[in-house]
Visitor: 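Next up is a structure, given as structure tokens.
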Number of protein chains: 2
Amino acid sequence: MVKEYSIGQLSKLCDVKVPTIRYYEEIELLDPPGRTAGGQRRYPQAARDRLSMIAHARDLGFSIDSIREFIRMADHPSAPCEDLDLIAEKHLSDVRKRIKQLQALETELTAMLKSCDHGSVAECRILTVLSDHDQCKTQH
Amino acid sequence: MVKEYSIGQLSKLCDVKVPTIRYYEEIELLDPPGRTAGGQRRYPQAARDRLSMIAHARDLGFSIDSIREFIRMADHPSAPCEDLDLIAEKHLSDVRKRIKQLQALETELTAMLKSCDHGSVAECRILTVLSDHDQCKTQH
DNA sequence: TCCAAAAGCTCTAAAGACTAGAGCATTTAA
DNA sequence: TTAAATGCTCTAGTCTTTAGAGCTTTTGGA
């Protein structure tokens, strides 16, 4: 007998709030699950995997649209190579851009913390760094 | 005579859309500027600096509320710097976590592209990577 | 088996951070 | 001087969630 999950169980397992799960169904990011005689949702294991993937990708900062592409990719592993290649490449460059931006941000935040040596705001460079783009250690 | 900017000039200089500038004024992130006889906004240099700071901070991922804190502290320069420090620290650890996650994803996407190179159909591991935390090269 | 509590259902509305459009007024530059 | 560009306010929409009201279904213990 196959294990099924209620929406609440899925919510806990994937750390996604119940209304969010219903929202994902509404925007067709999740397939509509089966229902009990009383109308309650019952999810198969596959739904758990997918929701977990969505949650993880969201956490990584991917847009819903990007996730739709991931899903499309995953659902058609036999699609022509060029198509897959193109989609993957687009996402890879996205990921790399994101990493670069975050590394720039890391550098700046580290510099801010270093210069903010628990003095008063008068000497705190966080505000200076934030106001003046030329002060940035990196481009973005 | 002091240089003043129209809202459109400010928009171009700071790369912030015109309605967004008005929105920032509405939520009191920007001081209401002076007006011409005809009622158009005219911004002093200081407004440009502030908007530039706000835009930069938003770009770095700070929330409006965090920015409010920065501004509040800028207006009270004798206050201790620790609060500001805390905000930056919180962001820094967040940023580092995200960098690690994305680097793991980059690895997977690169592998996918490689397997696509020989004209054969890629075995799509992206969904697995995204769903299964245990598969990740790094912790998060 | 019965019943209260927990969990689920739909629907509406809000939050945060913008963004777009309608319809009109003011500035600017040829 | 006059047409184009820009600005004004106001309303309403976007996207991704999240919360609440009011009702129904499930579940677990007596």
Side-chain angles (χ1 to χ4, degrees), chain A residues 1 3-44 47-48 50-71 94 130, chain B residues 1 3-44 47-48 50-71 87 91 94 98:
Chain A
M1 141 252 205
K3 175 88 184 117
E4 293 208 310
Y5 304 103
S6 71
I7 198 167
Q9 289 171 328
L10 207 63
S11 167
K12 258 171 214 135
L13 286 168
C14 300
D15 197 24
V16 173
K17 295 212 170 60
V18 168
T20 305
I21 298 175
R22 293 199 272 244
Y23 168 72
Y24 286 161
E25 182 183 331
E26 193 190 311
I27 64 169
E28 295 181 284
L29 210 56
L30 287 177
D31 292 334
R35 300 277 184 138
T36 63
Q40 299 197 353
R41 290 169 178 82
R42 288 296 177 269
Y43 295 92
R48 178 188 170 173
R50 170 146 302 180
L51 179 57
S52 170
M53 174 286 239
I54 293 168
H56 193 174
R58 288 297 293 139
D59 194 48
L60 289 172
F62 285 97
S63 69
I64 298 285
D65 277 353
S66 292
I67 294 171
R68 271 190 221 285
E69 294 213 338
F70 284 138
I71 289 172
D94 265 11
L130 278 175
Chain B
M1 146 226 187
K3 174 90 183 117
E4 292 208 311
Y5 305 103
S6 72
I7 199 167
Q9 289 171 329
L10 207 62
S11 168
K12 256 170 215 138
L13 287 167
C14 300
D15 197 25
V16 173
K17 294 208 172 63
V18 168
T20 305
I21 298 175
R22 293 198 272 245
Y23 168 71
Y24 285 160
E25 181 183 331
E26 193 189 310
I27 63 170
E28 296 182 282
L29 208 56
L30 287 177
D31 292 335
R35 302 277 183 137
T36 62
Q40 301 196 352
R41 290 169 178 82
R42 287 298 177 267
Y43 294 93
R48 180 189 170 174
R50 169 147 301 181
L51 180 57
S52 171
M53 178 280 240
I54 292 168
H56 193 179
R58 289 294 297 138
D59 193 48
L60 290 174
F62 288 100
S63 70
I64 298 286
D65 277 353
S66 292
I67 295 170
R68 268 189 225 285
E69 293 253 12
F70 290 140
I71 290 172
I87 296 170
H91 271 270
D94 213 57
R98 264 160 218 281

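Note on naming: letters A, B, ... go to the chains in the order of the sequence lines (proteins, then strands), and numbering restarts at 1 for each one.
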Visitor: Would you kindly give the CZ-to-P distance between A:Phe62 and D:dT17, to the nearest whole Å?
Guide: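 My rounded result for the distance is 15 Å.
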
Visitor: Calculate, to the nearest 0.5 Å, the distance between atoms CD1 and CD belonging to A:Ile64 and A:Glu28 respectively.
Guide: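 The distance works out to 13.0 Å.
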
Visitor: Would you say a side-chain N or O of B:Ser6 is under 4.0 Å from OP1 or OP2 of D:dT6?
Guide: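 B:Ser6 to D:dT6 OP1/OP2: no side-chain N or O under 4.0 Å.
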
Visitor: A:Arg68: what forms a salt bridge (Lys or Arg N to Asp or Glu O under 4.0 Å) with it, not counting sequence neighbours?
Guide: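 If we apply the salt bridge (Lys or Arg N to Asp or Glu O under 4.0 Å) test to A:Arg68, skipping adjacent residues, the hits are A:Asp65.
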
Visitor: Quick one: does A:Leu29's side chain get under 4.5 Å of A:Tyr23's, heavy atoms only?
Guide: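 The answer is no, as the side chains (C-beta and beyond) never meet within the 4.5 Å cut-off.
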
Visitor: Could you check how far CD1 of B:Ile54 sits from P of C:dC18, rounded to whole Å?
Guide: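 Distance, rounded to whole Å: 10 Å.
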
Visitor: Under 4.0 Å from any atom of DNA chain C, heavy atoms only: list the residues of residues 10-34 of chain A that qualify, in numerical order.
Guide: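 Close to the strand are A:Arg22.
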
Visitor: In whole Å, I'd like the distance from the CD1 atom of A:Ile7 to the C1' atom of C:dA7.
Guide: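 So the CD1-C1' distance, A:Ile7 to C:dA7, works out to 11 Å.
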
Visitor: Applying side chain to side chain contact (heavy atoms under 4.5 Å, CB included) to A:Ile54 and A:Leu30, what does each step give before you reach the verdict?
Guide: CA-CA 9 Å; A:Ile54 293 168; A:Leu30 287 177; 3.8 Å; yes

Visitor: Within the pair A:Arg35 and C:dT10, is there a side-chain N or O less than 4.0 Å away from OP1 or OP2?
Guide: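 Result: yes.
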
Visitor: Taking 4.0 Å as the cut-off, does a side-chain nitrogen or oxygen of A:Arg41 come that near to OP1 or OP2 on D:dT25?
Guide: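 No, A:Arg41 has no side-chain N/O under 4.0 Å of OP1/OP2 on D:dT25.
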
Visitor: Which nucleotides of nucleotides 23-30 of chain C have their base under 4.0 Å from a protein heavy atom (B), which only their sugar-phosphate (S), and which neither (-), written as one string 5' to 3'?
Guide: ---BS---

Visitor: Got a sec, which residues hit side chain to side chain donor-acceptor pair (under 3.5 Å) with B:Tyr5, two or more places apart in sequence or on another chain?
Guide: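 Once residues adjacent in sequence are excluded, the partners of B:Tyr5 under the side chain to side chain donor-acceptor pair (under 3.5 Å) criterion are B:Gln45, B:Arg48.
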
Visitor: Mind checking what makes side-chain contact (heavy atoms from CB on, under 4.5 Å) contact with B:Arg42, not counting sequence neighbours?
Guide: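 Result, side-chain contact (heavy atoms from CB on, under 4.5 Å) vs B:Arg42: B:Glu4, B:Ser6, B:Thr36, B:Gln40.
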
Visitor: Determine whether B:Glu25 and B:Ile21 satisfy the following criterion, side chain to side chain contact (heavy atoms under 4.5 Å, CB included), listing intermediate values before the conclusion.
Guide: CA-CA 6 Å; B:Glu25 181 183 331; B:Ile21 298 175; 6.0 Å; no

Visitor: Can you list the residues that meet the side-chain contact (heavy atoms from CB on, under 4.5 Å) rule with A:Lys12, with sequence neighbours excluded?
Guide: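 A:Lys12 satisfies side-chain contact (heavy atoms from CB on, under 4.5 Å) with no residue once adjacent residues are dropped.
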
Visitor: Within the 4.5 Å heavy-atom criterion, are A:Tyr24 and A:Arg50 side-chain neighbours or not?
Guide: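 They are not in side-chain contact.
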
Visitor: Expressed in angstrom and rounded to an integer, what is the separation of A:Ile67 atom CD1 from D:dC15 atom C1'?
Guide: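 In whole Å, D:dC15 C1' and A:Ile67 CD1 are 13 Å from each other.
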
Visitor: Expressed as a whole number of angstroms, how long is the span from A:Glu4:CD to D:dT26:P?
Guide: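 Checked: the CD to P distance equals 13 Å.
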
